[in-house]
Amino acid sequence: MPKAERFDRWLDLLSQDLAPTHIASEHRGDFRASTAALELGPVNVSVLSFPTLTSVRTPQLIRRSDPELWELGYMARGTVVVEQARNQAQIRPGDFLLYDTSQPTQMWVTEGGRIIISSVASREVVYGFHPFRGFRPGSGCRLRT
């Protein structure tokens, strides 16, 4: 694909599989990234590879388009700093990340990365806790069957 089209095409592919976000990269002129997606019943799995970038999911984007997903990411390569609900974490290779697309989020990929993201609609999850409001002893969650 021509260099000038890579970044916008990658954004188009992401918007089909994940919640819309504003993404910027200093590598826009020669953006080398990939994405793959697989649907497994109520769970969608996306594999993303990308250079350094920033991603922001604003309240305005949430109001405009909220797929109400929980996304569980496994960081296979690279480092990302994530901020959501006044919490910040640095995610490194081998770490997991759980976030809610209904909440504003900022991500800074400080090293080119590869992440595997499993997305599930929050309505498909039966739970005795809310992962962003705290756990109760003995609680857990499962997908609706």
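In this chain, residues are counted from 1 in sequence order. Source: prediction; values computed, not measured.
- To the nearest 0.5 angstrom, S46 atom OG is 10.5 Å from I116 atom CD1.
- Taken from CD in E68 to OG in S122, the straight-line distance is 5.0 Å, to the nearest 0.5 Å.
- Between L38 and N44 the shortest side-chain heavy-atom distance does not fall below 4.5 Å.
- Within the 4.5 Å cutoff, the side chain of I91 has no heavy atoms near those of the V81 side chain.
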Margin query: Apply side chain to side chain contact (heavy atoms under 4.5 Å, CB included) to residues T35 and V47 and explain how you reach the verdict.
Written below: CA-CA 6 Å; T35 183; V47 180; over 6 Å; no
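- Side-chain contact between L97 and M107 is present, with at least one heavy-atom pair separated by less than 4.5 Å.
- Note that OG of S119 is 9.0 Å distant from CG of L72, once rounded to the nearest 0.5 Å.
- Using modelled atom types, one finds a donor on one side chain and an acceptor on the other under 3.5 Å when comparing E71 with Y99.
- Between S49 atom OG and R77 atom CZ the span is 5.0 Å, to the nearest 0.5 Å.
- The shortest distance between side-chain heavy atoms of P104 and I62 falls below 4.5 Å.
- Closest heavy-atom contact between M1 and R6: O-NE, 3.3 Å.
- Across all their heavy atoms, P93 and A76 have their closest contact at CB-O, 3.9 Å.
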Could you walk me through whether T52 and E26 pass the side chain to side chain contact (heavy atoms under 4.5 Å, CB included) check?
-> CA-CA 7 Å; T52 56; E26 60 189 33; 3.8 Å; yes
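- Ion pairing between R57 and D100 fails under the 4.0 Å rule for side-chain N and carboxylate O.
- Here OG1 of T101 is found 4.5 Å from CG of D66. Values are rounded to the nearest 0.5 Å.
- Minimum heavy-atom separation, F7 to A24: CZ-CA, 4.2 Å.
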Evaluate the side chain to side chain contact (heavy atoms under 4.5 Å, CB included) criterion for residues V56 and T21: first the C-alpha distance (whole Å), next the side-chain angles of each, then the deciding distance (0.1 Å), finally the verdict. CA-CA 6 Å; V56 180; T21 60; over 6 Å; no
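- When hydrophobic clusters are built by joining Ile, Leu, Val, Met, Phe, Trp and Tyr residues whose side-chain heavy atoms come closer than 4.5 Å, directly or via intermediates, W108 is not grouped with V82.
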Audit row: L53, W10, side chain to side chain contact (heavy atoms under 4.5 Å, CB included) steps and yes/no: CA-CA 13 Å; L53 56 81; W10 193 72; 4.0 Å; yes
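- If you check the side chains of H22 and S55, you find no donor sitting under 3.5 Å from an acceptor.
- By the rule that hydrophobic residues join a cluster once side-chain heavy atoms approach within less than 4.5 Å of another member, L69 and I23 end up as members of separate clusters.
- Under 3.5 Å, the side chains of T79 and E111 contain a donor-acceptor pair of N or O atoms.
- With sequence neighbours left out, the side chain to side chain contact (heavy atoms under 4.5 Å, CB included) criterion links S118 to V43, V45.
- The minimum heavy-atom distance between I115 and F50, with the atom names listed, is CG2-CE2, 3.7 Å.
- Between the side chains of Q103 and Q84, no donor N or O sits under 3.5 Å from an acceptor N or O.
- Taking 4.5 Å as the limit, every side-chain heavy atom of V80 sits out of range of all side-chain heavy atoms of T110.
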